[in-house]
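Structure first, commentary second.
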Amino acid sequence: MICRDQQGRLYPNTEASPGGGRLRMLPFRNDVTTALLYHGRPVIDYFKAADPATLMGIMTGGGEPSDHGRAFYFILRRS
């Protein structure tokens with residue numbers, strides 16, 4: 001996961017995503033989306049554009065991201 005430090009510089013946050021990940025086109029609910037598959041966790045994030053500055057995301061997988069089998073929904077906005 002790429003984050004910004006207090007000076008605004010980009011850096012890889014290896015605590016949030018140990019081992020990195022890869023992007024793939026995968027089906028989700030009858031639609032092909034861009035998906036991020038994490039190397040160090042049993043997690044897949046699916047992304048869909050809502051508008052030019054906003055991505056809607058759904059995190060699925062075992063363990064931490066799900067709450068009793070329910071997906072975690074999030075929004076990413078470009079600033």
Side-chain angles (χ1 to χ4, degrees):
M1 180 176 292
I2 304 298
C3 297
R4 289 192 186 272
D5 64 17
Q6 291 183 345
Q7 290 75 36
R9 296 176 297 217
L10 296 175
Y11 71 95
N13 185 336
T14 56
E15 288 182 33
S17 176
R22 65 185 183 276
L23 292 173
R24 295 283 184 259
M25 300 299 291
L26 292 177
F28 184 81
R29 296 186 180 164
N30 299 318
D31 197 10
V32 175
T33 67
T34 300
L36 174 58
L37 291 79
Y38 292 88
H39 293 162
R41 300 188 186 275
V43 173
I44 301 175
D45 290 347
Y46 296 91
F47 302 99
K48 256 326 221 191
D51 62 46
T54 308
L55 287 176
M56 304 294 291
I58 300 174
M59 180 183 286
T60 64
E64 299 171 37
S66 61
D67 180 16
H68 302 288
R70 295 179 292 194
F72 176 76
Y73 295 81
F74 59 94
I75 296 172
L76 299 174
R77 289 195 177 101
R78 185 177 309 198
S79 55

Closest approach of R29 to Y73 (non-hydrogen atoms, all atoms of both residues)
NH2-OH, 3.3 Å
Taking C-beta and beyond as the side chain, do T34 and M25 meet within less than 4.5 Å on heavy atoms?
yes
Q7 and D5: which non-hydrogen atoms are nearest, and at how many Å?
N-OD1, 2.9 Å
Q6 atom CD, neighbour heavy-atom count above 12 within 6.0 Å
no
Value rounded to 0.5 Å, distance of CG in L36 from CG in L26
10.5 Å
ILVMFWY cluster, F47 and L37 together (side-chain gap under 4.5 Å):
no
To the closest 0.5 Å, what do you measure between CG (L76) and CE (M56)?
9.5 Å
Distance col, row I58:CD1 vs T33:OG1, nearest 0.5 angstrom, shows 8.0 Å
Same cluster or not: are F72 and Y46 linked, directly or through other Ile, Leu, Val, Met, Phe, Trp or Tyr residues, by side-chain heavy atoms under 4.5 angstrom apart?
no
Check: T60 and F28 side chains under 4.5 Å, non-hydrogen atoms:
yes
CG (L23) and CG (D45) are apart, to the nearest 0.5 Å, by 10.0 Å
Compare every heavy atom of I44 with every heavy atom of A35, then report the nearest pair and how far apart it is.
CB-CG2, 3.9 Å
Would F74 end up clustered with V43 when hydrophobic side chains under 4.5 Å apart are linked, directly or stepwise?
yes
